[in-house]
Q: 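What follows is a structure written as C-alpha cells; I'll ask about it next.
Order of the sequence lines fixes the chain letters, A, B, ..., with proteins taken first and strands second; residue numbering starts at 1 for each chain.
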Amino acid sequence: MGTPPSKVNREKFQPLHRAFFARGPRRVARELLGKVLVRHSDGQFLTARIVEVEAYLGKNDPASHSAAGNTARTAVLFGPPGYAYVYFIYGNHYCLNVSCERDGRAGGVLFRAVEPLRGVEEMAQARKIEVRGPRDLIRLTSGPGRLAEAFGITRTRDNGGDLTSTHSGLWIGDDGFHARNIKTTPRIGISKAADKRLRYILAGNAFLSGRKTPPETRARLKFDKRV
DNA sequence: ATATCGATTATCT
DNA sequence: GATAATCGATATG
C-alpha cells in the first residue's frame with residue numbers, strides 16, 4: 001500500500017512555541033516532519049503537511065549560508081529562533097527556512113517539500129499550473145522553490161517574519177498528525193559537506209523532491225563529466 | 001528513462 | 001567575475 005493521504009484536520013492550527021525552535025537544527029528538522037505550514041492572507045487559508053526538510057548547522061557547516069558569517073543577508077539565521085529566513089537563488093526562486101538555536105547562534109531548517117491539505121486551487125494559481133492529474137499536483141509543492149511559489153513566499157514579504165505568530169500570516173502549526181517512517185539522506189543540491197545525512201523525509205510520501213538516483217553514483221558522474 | 005542547459009540576480013571573493 | 005540550499009525545458013537513448 002502506498003502513502004495514505006494525510007488526513008485534513010480542521011481544528012485551529014495553533015503555532016508551535018518559540019522554544020520548539022530554540023534547539024539544534026537536526027532536532028528541529030526531525031520534529032518538523034508532519035507539522036503544518038499555514039498561510040493566512042485575505043481571509044484565505046493555505047495549509048500543507050511538511051514532508052521534507054534539511055538541517056543547516058551554522059557557522060561550522062560549510063554548506064550553510066551562515067558559514068559566511070553574520071551578514072545583512074544571513075542576519076535572521078543568527079537572530080532568535082522561529083523566524084523566517086527567505087533567500088533568493090539562481091535568479092529565479094525563493095526558499096524558506098526557519099531560524100533555530102538561541103539568539104546569537106546560527107542554524108536553520110530549509111523547507112523542501114510539503115503536501116497540500118487546503119487551498120490547492122490557490123496554490124495552482126500561484127504556480128501557474130493547471131492541475132489535471134496527480135503529476136501536476138505533486139509539482140505544486142515538491143521542491144523548495146515550488147512550495148515557496150505556491151505559498152506566495154518572497155523575501156520582501158516574509159524574510160524576518162515570525163513563524164510562531166499568526167499575526168505574520170505565515171506560521172507552523174500542529175494538527176496532531178503523528179509522523180511515521182522518518183528517514184535521513186544526504187542534502188540535495190549542495191557541493192560542500194555533501195556526505196552528511198541532514199535531509200529528513202517522510203519516506204514513501206509522494207511529494208518528496210529530488211531524484212531517486214543513489215547520491216554517491218550521481219556525485220561521481222557529475223565529477224567525471226567533460227574532462 | 002536520464003542528461004544537460006539556460007534563466008537571472010544577490011552575494012561573496 | 002564566479003557561484004548558488006532550483007526549476008523547467010530540451011535533447012537523446
Q: Tell me whether Y87(A) and dA10(B) count as stacked here, given that the ring centres must be under 5.5 Å apart and the planes must differ by less than 30 degrees.
A: no
Q: CG of N97(A) versus C1' of dT6(C): gap in Å, rounded?
A: 14 Å
Q: Using both distances under 3.5 Å as the test, list the Watson-Crick or G-U wobble partner of dA5(C), or none.
A: none
Q: Would you say N60(A) has more than 12 foreign heavy atoms packed within less than 6.0 Å of its CG?
A: no
Q: Scan R73(A) against the nucleic acid and name what it touches under 4.0 Å (heavy atoms): base, sugar-phosphate only, or nothing.
A: sugar-phosphate
Q: What is the distance, rounded to the nearest whole Å, between atom CD1 of I138(A) and atom P of dC7(C)?
A: 14 Å
Q: Given dT9(B), dC12(B), dT6(C), which nucleotide is nearest the side-chain atoms of F88(A)?
A: dT9(B)
Q: Can you spot which of R49(A), R139(A), E115(A) makes a side-chain contact (heavy atoms from CB on, under 4.5 Å) with F207(A)?
A: E115(A)
Q: When you match L96(A) and R139(A) each to their closest nucleotide on DNA chain C, which lands nearer the 5' end?
A: L96(A)
Q: Looking at R146(A) and S142(A), would you say the former's side chain and the latter's main chain have a donor-acceptor pair under 3.5 Å?
A: yes
Q: Rounded to whole angstroms, how far apart are CD1 on I89(A) and P on dA2(C)?
A: 17 Å
Q: Nearest whole Å is fine: how far is dT11(B) C1' from Y90(A) OH?
A: 13 Å
Q: Round to the nearest Å and state the distance from K192(A) atom NZ to dT3(C) atom P.
A: 11 Å
Q: Given R127(A), which partner from the list E121(A), E122(A), E149(A) fulfils the salt bridge (charged side-chain N to carboxylate O under 4.0 Å, His left out) test?
A: E149(A)
Q: So for atom CZ, which belongs to R105(A), do other residues, nucleotides or ligands contribute more than 12 heavy atoms lying within a distance under 6.0 Å?
A: no
Q: For dA5(C), does either OP1 or OP2 sit under 4.0 Å from a side-chain N or O belonging to R199(A)?
A: no
Q: Under 4.0 Å between a side-chain N or O of S64(A) and OP1 or OP2 of dA5(C)?
A: no
Q: Base, sugar-phosphate, or nothing: which does R127(A) touch, judged by heavy atoms less than 4.0 Å apart?
A: sugar-phosphate
Q: Closer than 4.0 Å, any side-chain N/O of R155(A) to the OP1 or OP2 of dT9(B)?
A: no
Q: Using atom CZ of R135(A) as one end and atom P of dC7(C) as the other, report the distance to the nearest whole Å.
A: 13 Å
Q: Ignoring backbone atoms, test whether T71(A) places a side-chain nitrogen or oxygen under 4.0 Å from the OP1 or OP2 oxygen of dC12(B).
A: yes
Q: Indicate, with a heavy-atom threshold strictly under 4.0 Å, whether L110(A) touches base, sugar-phosphate, or nothing.
A: base
Q: Grab the NE2-C1' distance between H65(A) and dT11(B) for me, whole Å please.
A: 9 Å
Q: Any side-chain N or O of H93(A) under 4.0 Å from OP1/OP2 of dC7(C)?
A: no
Q: Separation of Y85(A) atom OH from dA4(C) atom P, in whole Å?
A: 14 Å
